[in-house]
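We number each residue from 1, following the sequence as shown.
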Amino acid sequence: ISDNRIGCQVPTQSFILPYDESYGPEAVDMYEESGRTAMEWQRNVVDAILAHNDDGIFTHIMFGYAVPRQNGKNEIVTMVEVWALEKGLRVLHTAHDMETAKKAFERLRDVMEGRGYFAKPEEKEGQKKAIYNQAFGREKIALKQTGGEVTFKTRTSTGGLGTSYDILIIDEAQELDENQQA
């Protein structure tokens with residue numbers, strides 16, 4: 001018996017539209033600059049999430065996945081968020097519980113710091129600057145040079161009204177109700 005059991009790297013069930021191109025490899029490369037390593041199944045999911053057509057339009061306007069606890073599913077979201085920050089996109093990351101949103105913020109902050117982004121870099125050549133808002137309930141990461149930002153919020157029926165985002169991440173989607181979805 002091998003000690004390197006990794007299990008099945010493709011979903012038991014899935015419905016993924018056919019695609020030829022994806023920003024996924026770029027997102028994984030950016031993520032791995034932090035010193036972390038994506039697993040094969042995570043690469044596959046990121047590829048599908050960031051699949052696009054010849055015009056750069058996402059193949060899937062909605063994408064969901066369910067993975068048992070403690071198996072690395074949140075790292076997929078982090079890979080997408082890192083990519084979105086670098087591409088100047090605005091992301092709203094919502095969660096049912098504030099602790100979940102806070103953990104997602106901390107995970108993305110740690111990855112960005114691993115990639116060389118610091119809130120207050122010393123004036124050294126090659127250092128990159130990110131803006132971190134760590135006030136409880138108002139967590140946000142922004143890159144001034146690209147305009148990309150990821151805002152972390154808990155879900156309410158009025159949360160996010162009056163603002164627009166390029167990507168909406170619904171963490172803990174099993175807790176999403178109709179009012180919040182509207």
Nearest heavy atoms of [X] and [Y], plus distance in Å:
X	Y	answer
Ala101	Ala95	N-CB, 3.8 Å
Val46	Gly24	CG1-CA, 3.8 Å
Leu85	Thr146	O-OG1, 2.6 Å
Ala27	Leu50	CB-CD1, 3.6 Å
Tyr19	Asn44	OH-O, 4.5 Å

Nearest-0.5 Å distance that lies between atom [atom1] in [X] and atom [atom2] in [Y]:
X	Y	atom1	atom2	result
Asp54	Asp20	CG	CG	7.5 Å
Met62	Leu168	CE	CG	9.5 Å
Ile167	Phe63	CD1	CZ	13.0 Å
Met112	Ser34	CE	OG	9.5 Å
Ile169	Ile49	CD1	CD1	8.5 Å

Test side chain to side chain contact (heavy atoms under 4.5 Å, CB included) applied to Gln42 and Val28, Asp47, Ile76, the passing residue: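 It is Ile76, the one option of Val28, Asp47, Ile76 that forms the side chain to side chain contact (heavy atoms under 4.5 Å, CB included) with Gln42.
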State which residue, out of Glu86, Lys87, Met79, fulfils the side chain to side chain contact (heavy atoms under 4.5 Å, CB included) condition with Trp83.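 Between Trp83 and the candidates, side chain to side chain contact (heavy atoms under 4.5 Å, CB included) is satisfied uniquely by Lys87.
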Ionic contact status for Glu139 with Lys153, cut-off 4.0 Å: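 Salt bridge flag = no for Glu139 with Lys153.
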N-O pairing of Glu149 and Lys144 below 4.0 Å: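 Here Glu149 does not pair with Lys144 in a salt bridge, since their nearest N and O are not under 4.0 Å apart.
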CA sep, side-chain torsions, deciding dist, call: Val91, Thr151, side-chain contact (heavy atoms from CB on, under 4.5 Å): CA-CA 6 Å; Val91 178; Thr151 302; over 6 Å; no
Side-chain ([X]) to main-chain ([Y]) donor-acceptor, under 3.5 angstrom:
X	Y	value
Arg107	Glu75	no
His60	Leu17	yes
Asp55	Ile57	no
Thr78	Tyr31	no

Is the shortest side-chain heavy-atom distance between [X] and [Y] below 4.5 Å?
X	Y	value
Asp110	Arg36	yes
Asn53	Glu21	no
Thr154	Thr94	no

Where does the angle between the aromatic ring planes of Phe152 and His93 fall among parallel (under 30°), tilted (30 to 60°) and perpendicular (over 60°)?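 Aromatic pair Phe152/His93 classed tilted.
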Just checking Tyr23 against His52, ring centres under 6.0 Å apart?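 Close enough - the centres of the two rings lie under 6.0 Å apart.
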